[in-house]
Chemist: 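So that we are looking at the same thing, I have put the structure below in structure tokens.
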Amino acid sequence: MTDSVAAILVHVPDTEAGLAWYQRAFPHAEREWLQAFDFAYLRIGTIDLEIVQADEKVANGAAGSIVYWAVDDFDRALKHFEAVGASLYRGPLAIQEGLWMCQVRDPWGNCIGLRGPRSGYKGDED
């Protein structure tokens, strides 16, 4: 068994456009290149964010599991994602321990979860 996520695959119809958008959405991500496979991906901490071609088996769009990224400032993160072209899909919603969560959609309809404390959070509002 393992206790960590190794990679997240995001399916898009145009991988170059997807890589460019996700690089803007996650500006701290490092772009990596696997020459043997002619494959570029983004490394965020210890996680590989792989932007791959949507096809008949796995289409782009909102369906099924959502990865939630831990953010230091929920409000700032949400504004950032909206500024690079994501649209709010669900939430925001107050959850446990003063945290908030929401889902935004990338330009291809894939969901990205955000989860963290709101800026200026002063106590238990949920």
Side-chain angles (χ1 to χ4, degrees):
M1 288 297 295
T2 182
D3 62 352
S4 64
V5 173
I8 300 166
L9 278 65
V10 177
H11 293 77
V12 298
D14 180 339
T15 57
E16 283 304 314
L19 273 167
W21 189 86
Y22 274 87
Q23 183 75 68
R24 287 191 313 274
F26 293 92
H28 59 285
E30 296 177 23
R31 190 172 182 146
E32 302 286 340
W33 175 254
L34 297 174
Q35 186 172 350
F37 300 97
D38 190 29
F39 183 72
Y41 65 96
L42 302 175
R43 165 105 6 118
I44 302 172
T46 61
I47 298 172
D48 294 343
L49 183 60
E50 300 178 7
I51 311 304
V52 299
Q53 186 68 46
D55 60 24
E56 65 280 350
K57 288 191 174 186
V58 182
N60 55 286
S65 302
I66 307 296
V67 173
Y68 280 82
W69 294 90
V71 297
D72 294 331
D73 181 328
F74 178 84
D75 295 318
R76 187 177 76 225
L78 178 55
K79 286 178 187 173
H80 166 74
F81 275 86
E82 290 177 325
V84 298
S87 57
L88 184 62
Y89 184 59
R90 297 185 82 170
L93 176 67
I95 58 174
Q96 77 275 10
E97 300 171 1
L99 299 176
W100 286 74
M101 64 187 284
C102 74
Q103 294 172 10
V104 297
R105 291 180 86 176
D106 72 13
W108 302 275
N110 298 301
C111 288
I112 301 165
L114 304 174
R115 179 178 170 146
R118 290 191 100 157
S119 53
Y121 179 75
K122 300 294 186 215
D124 189 3
E125 297 175 2
D126 48 5

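What you are looking at is a predicted structure, and each value in this text was computed from that prediction instead of being measured.
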Chemist: Is there a continuous path of hydrophobic side-chain contacts, each under 4.5 Å between heavy atoms, that joins V52 to L34?
Modeler: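 Yes, V52 connects to L34 through the hydrophobic network.
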Chemist: How close do F74 and G116 get, heavy atom to heavy atom, and via which atoms?
Modeler: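 The pair with the smallest heavy-atom distance is CB-O, 3.6 Å.
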Chemist: Could you tell me whether the side chain of Q53 and the main chain of D14 form a donor-acceptor pair under 3.5 Å?
Modeler: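 Such a contact is absent between Q53 side chain and D14 backbone.
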Chemist: Between V58 and V12, is there shared hydrophobic-cluster membership here, with clusters defined by ILVMFWY side-chain heavy atoms closer than 4.5 Å?
Modeler: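 Result: no, two separate clusters.
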Chemist: Side chains of H80 and P27: does their closest heavy-atom pair fall under 4.5 Å?
Modeler: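 Side chain of H80 against side chain of P27, heavy atoms only: contact under 4.5 Å found.
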Chemist: Is D75 reaching over with its side chain to a backbone N or O of S119, donor-acceptor style, under 3.5 angstrom?
Modeler: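 Flag set: sc D75 to bb S119 pair under 3.5 Å.
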Chemist: If you measure from the Lys or Arg side-chain nitrogens to the Asp or Glu carboxylate oxygens, is any gap between E16 and R31 under 4.0 Å?
Modeler: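 So E16 pairs with R31 through a salt bridge.
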Chemist: What are the two closest heavy atoms between C102 and P92, and how far apart are they?
Modeler: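 Smallest interatomic distance, heavy atoms only, reads CB-CA, 3.9 Å.
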Chemist: With a sphere of 6.0 Å drawn around CZ of R24, does it hold more than 12 non-hydrogen atoms of other residues, nucleotides or ligands?
Modeler: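 Yes.
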Chemist: Are L88 and W100 co-members of a hydrophobic cluster defined by side-chain heavy atoms under 4.5 Å apart?
Modeler: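 W100 clusters together with L88.
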Chemist: For the CG atom on D72, are there more than 12 heavy atoms of other groups (residues, nucleotides or ligands in this structure) within a distance under 6.0 Å?
Modeler: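 Check fails, neighbour count at 12 or below.
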Chemist: Write down the atom of C111, the atom of A62, and the distance for their closest heavy-atom approach.
Modeler: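 Closest heavy-atom pair between C111 and A62: SG-CB, 3.5 Å.
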Chemist: Y89, V84: one ILVMFWY side-chain cluster at the under-4.5 Å cut-off?
Modeler: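 No, Y89 and V84 fall in different hydrophobic clusters.
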Chemist: Roughly how far, to the nearest 0.5 Å, is the CZ atom of R76 from the CZ atom of R118?
Modeler: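 Reported to 0.5 Å precision, the distance equals 14.0 Å.
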Chemist: Shortest non-hydrogen contact from G113 to I66?
Modeler: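 Smallest heavy-atom distance, with atoms named: N-CG2, 3.7 Å.
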Chemist: Distance check, rounded to the nearest 0.5 Å: L49 atom CG versus I44 atom CD1?
Modeler: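 The CD1 atom of I44 is 4.5 Å from CG of L49, to the nearest 0.5 Å.
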Chemist: Among residues two or more places apart or on two chains, list those pairs meeting ring-ring contact (aromatic ring centres under 6.0 Å, His included) that have a residue in residues 31-73.
Modeler: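 Sorted result for residues 31-73: F26-W69.
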Chemist: For I112, which of V67, V10, I8, V104 qualifies under side chain to side chain contact (heavy atoms under 4.5 Å, CB included)?
Modeler: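 Exactly one pass, corresponding to V104.
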Chemist: So, for Y22 and W108, which heavy atoms are closest and what is the spacing to 0.1 Å?
Modeler: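 What the structure gives for the nearest pair is CE1-CZ3, 4.4 Å.
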Chemist: What is the minimum heavy-atom distance between G61 and N110, and which atoms define it?
Modeler: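 Here G61 and N110 meet closest at N-OD1, 2.9 Å.
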Chemist: Quick check: is L99 connected to L93 through a chain of hydrophobic side chains (ILVMFWY, heavy atoms under 4.5 Å apart)?
Modeler: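 In one cluster with L93: L99, yes.
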Chemist: Going by heavy atoms in the side chains, are D48 and E32 under 4.5 Å from each other?
Modeler: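 Not touching, per the 4.5 Å side-chain cut-off.
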Chemist: Does any N or O in the side chain of Q23 come within less than 3.5 Å of the main-chain N or O of A29, such that one atom is a donor and the other an acceptor?
Modeler: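 Indeed, once roles are kept as given, a pair shorter than 3.5 Å links the two residues.
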